[in-house]
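Treat the numbers as computed from the prediction; the structure is a model and nothing was measured.
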Amino acid sequence: MSGAFMNTYHRLPVIFARGEGSWLFDINGKKYLDLGSGIAVNCLGHAYPPLVRAIAGQAEKYIHVGNYFHSDVTGAFAEKLVASCAGMRNVFLANSGAEANEGACKIARKYSLKKYGPGRHTIVTLRGSFHGRTITTLAATGQDKFHRDFGPFTEGFTYIPGGDVEALDRALDRKTVAGLLIEAVQGESGIIPQSAELIAAAARLCAERDILLMFDEIQCGLGRTGAFLAFEQYRDESGAPVKADVVTLAKGLAGGIPAGAVLAGEKAAGVFETGDHGSTFGGNAVAAAAGLVVLKTVTDPDFLAGIRRKGEMITGIINAWKHPAITETRGRGLMIGVDIDREAWPVLEEAVARADSAKGRCGLLMLSAGPRTLRLLPPYTISDGEIEQGMDILKELLDRQKKNHCGTNGS
């Protein structure tokens with residue numbers, strides 16, 4: 001392992017050299033079934049041929065021209081992205097989810113300032129949320145563990161418990177609040193879908209009080225839950241689809257190339273003016289070419305139906321075990337959280353250590369989301385056979401962990 005990196009990540013002891021489909025291979029040739037997708041980034045798997053061709057083809061033409069100019073591929077990507085997100089009017093292209101959420105917060109504050117004057121600038125978010133690691137997006141993140149050591153933060157953020165409609169009503173003060181930023185399915189805190197009641201109330205209250213309703217779809221969007229955007233699966237109190245004022249995207253947006261986006265609906269589309277916001281690398285041509293491949297793939301209704309079916313297959317297999325180590329399974333589509341009765345990290349370590357070419361064994365790559373939750377974010381292209389293989393390995397690991405766990409307690 002290289003000592004050149006700052007010590008910011010708790011990395012598992014493996015060095016990868018190449019990938020193919022749902023598989024990664026380390027520098028010693030050992031293979032690993034990838035159920036993490038680079039934290040939902042490699043949504044079409046590794047070395048997906050149409051994606052590779054688009055990236056290579058664009059790199060042969062030009063990689064970057066900068067935002068003083070238009071470019072053909074970036075324009076096509078922006079148009080496709082806006083057309084794919086129901087109710088959106090325009091987009092700002094960035095590089096990451098944190099950048100996209102920064103842009104969303106700026107839009108909400110300027111919208112409110114121009115319409116109502118100073119003092120109406122608070123952004124409401126939920127406890128358990130995760131919106132990024134910049135000083136402002138850390139302030140937006142409703143988890144105290146991410147706040148340690150980095151204050152003071154950008155002021156003007158407040159948090160409410162998820163699922164508490166009364167707390168939401170109290171928090172959305174029409175005199176002080178500019179926007180509500182919410183993940184339809186929280187990822188980092190354990191794969192927590194929001195309740196239908198909370199989303200419906202949020203849609204009504206934000207509309208009544210002219211507060212921008214902003215959905216952070218960075219991890220749960222782009223097909224991850226089996227809908228193009230996770231919030232599209234919710235309805236307002238009249239039964240109509242929920243309408244967003246702002247949507248943020250990143251992670252899988254370009255299938256592995258850094259890309260982010262903040263999209264604005266009718267209310268917010270005219271807020272940013274020349275000079276209000278910018279990003280040197282935002283709208284990079286290679287990212288745009290890759291993004292066009294992703295959008296073409298994940299907007300296909302049959303493809304989305306396949307994601308839902310595969311997610312149901314995974315949860316069906318897990319729930320059928322009735323495994324004593326599993327306390328709960330949650331999620332939608334291929335965004336699944338599995339709560340276990342012990343620390344998740346040792347399971348991740350053993351899943352990596354399982355790889356042994358001589359014995360014909362592959363490793364398994366998973367993520368955690370909180371101390372006792374296994375997070376499964378497989379590539380959308382994973383096959384049924386690979387799902388079965390991965391679930392067999394997971395059960396084997398939990399069986400062995402259960403024995404070890406009992407053994408340490410004298411059982």
Side-chain angles (χ1 to χ4, degrees), residues 35-41 43 85-86 97-98 100-101 104 124-132 137 140-143 159-165 168 180-203 213-236 241-244 246-253 260-261 263 298 304-305 307-312 314-315 318-319 328-339 344 366-370 372-380:
L35 301 188
S37 302
I39 318 180
V41 168
C43 60
C85 297
N101 283 335
V124 177
T125 69
L126 301 188
R127 286 286 174 191
S129 62
F130 182 85
H131 298 296
T137 55
T141 293
Q143 297 191 62
Y159 321 113
I160 61 168
D164 191 333
V165 175
L168 179 68
L180 170 66
L181 180 60
I182 187 169
E183 300 159 282
V185 182
Q186 292 179 340
E188 297 298 322
S189 59
I191 316 298
I192 312 294
Q194 301 305 328
S195 69
E197 293 75 17
L198 184 81
I199 298 295
L213 177 57
M214 306 187 292
F215 282 98
D216 176 341
E217 292 272 336
I218 287 160
Q219 186 169 157
C220 61
L222 295 164
R224 177 55 59 183
T225 66
F228 179 66
L229 300 175
F231 82 86
E232 293 175 342
Q233 299 167 92
Y234 290 85
R235 294 292 180 267
D236 66 19
V242 169
K243 295 180 180 180
V246 176
V247 173
T248 58
L249 298 169
K251 289 196 182 292
L253 182 55
L263 294 109
V298 303
L304 291 171
I307 291 173
R308 294 192 296 273
R309 184 189 63 78
K310 291 173 185 179
E312 290 167 1
I314 291 172
T315 55
I318 293 173
N319 291 335
E328 186 179 356
T329 304
R330 292 178 305 279
R332 291 181 180 166
L334 291 174
M335 186 177 186
I336 299 165
V338 182
D339 288 350
M366 298 179 291
L367 307 169
S368 60
R372 294 191 170 205
T373 301
L374 301 174
R375 179 170 33 159
L376 308 181
L377 303 170
Y380 305 157

One pair to check against side-chain contact (heavy atoms from CB on, under 4.5 Å): Tyr380 and Val298. What are the steps and the verdict? CA-CA 9 Å; Tyr380 305 157; Val298 303; 3.7 Å; yes

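- Test Ile182, Leu181, Leu180 against Met214 for side-chain contact (heavy atoms from CB on, under 4.5 Å) and you get one pass: Leu181.
- Under a 3.5 Å cut-off, the side chain of Arg235 and the backbone N or O of Glu232 do form a donor-acceptor pair.
- For the side-chain contact (heavy atoms from CB on, under 4.5 Å) with Thr329, the qualifying choice from Ile336, Ile314, Leu376 is Ile336, the only one to do so.
- Pairing each heavy atom of Leu304 with each of Gly223, the nearest pair is CD2-CA, 3.7 Å.
- With salt bridges taken as basic N to acidic carboxylate O contacts below 4.0 Å, none links Arg224 and Glu217.
- When all heavy atoms of Ala184 and Cys220 are compared, the pair lying nearest together is N-SG, 4.3 Å.
- The side-chain hydrogen bond (donor to acceptor under 3.5 Å, both in side chains) with Thr225 is formed by just one residue from the set Arg332, Gln233, Arg308; it is Gln233.
- Nearest heavy atom pair, residue Leu249 against residue Leu263, reads CD1-CD1, 3.7 Å.
- Distance alone, capped at 3.5 Å, places no donor-acceptor pair between the Asn101 side chain and the Thr137 backbone.
- Taking both residues in full, the closest heavy atoms of Gly97 and Ala250 are given as N-CB, 3.3 Å, listed atom of the first, atom of the second, then distance.
- The minimum heavy-atom distance between Cys85 and Phe228, with the atom names listed, is SG-CE2, 3.6 Å.
- Contact annotation: the side chain of Arg330 approaches that of Asp339 to within less than 4.5 Å [non-hydrogen atoms, C-beta and beyond].
- Counting heavy atoms from C-beta on, the side chains of Lys310 and Pro378 never come closer than 4.5 Å.
- The line from CD of Gln219 to CG of Leu377 is 5.5 Å long, rounded to the nearest 0.5 Å.
- Taking Ser37 as the reference, nothing meets the side chain to side chain donor-acceptor pair (under 3.5 Å) condition, with sequence neighbours excluded.
- Nearest heavy atoms, Gly311 versus Leu334: N-CD2, 3.7 Å.
- Contact annotation: the side chain of Leu198 never approaches that of Tyr234 to less than 4.5 Å [non-hydrogen atoms, C-beta and beyond].
- Using a 4.5 Å heavy-atom cutoff, the side chains of Ser368 and Arg375 are not in contact.
- The only member of Asp216, Leu126, Ile192, Thr125 that meets side-chain contact (heavy atoms from CB on, under 4.5 Å) when paired with Glu183 is Asp216.
- Separation of atoms CD (Gln186) and CD1 (Ile191) is listed at 10.0 Å; rounding is to 0.5 Å.
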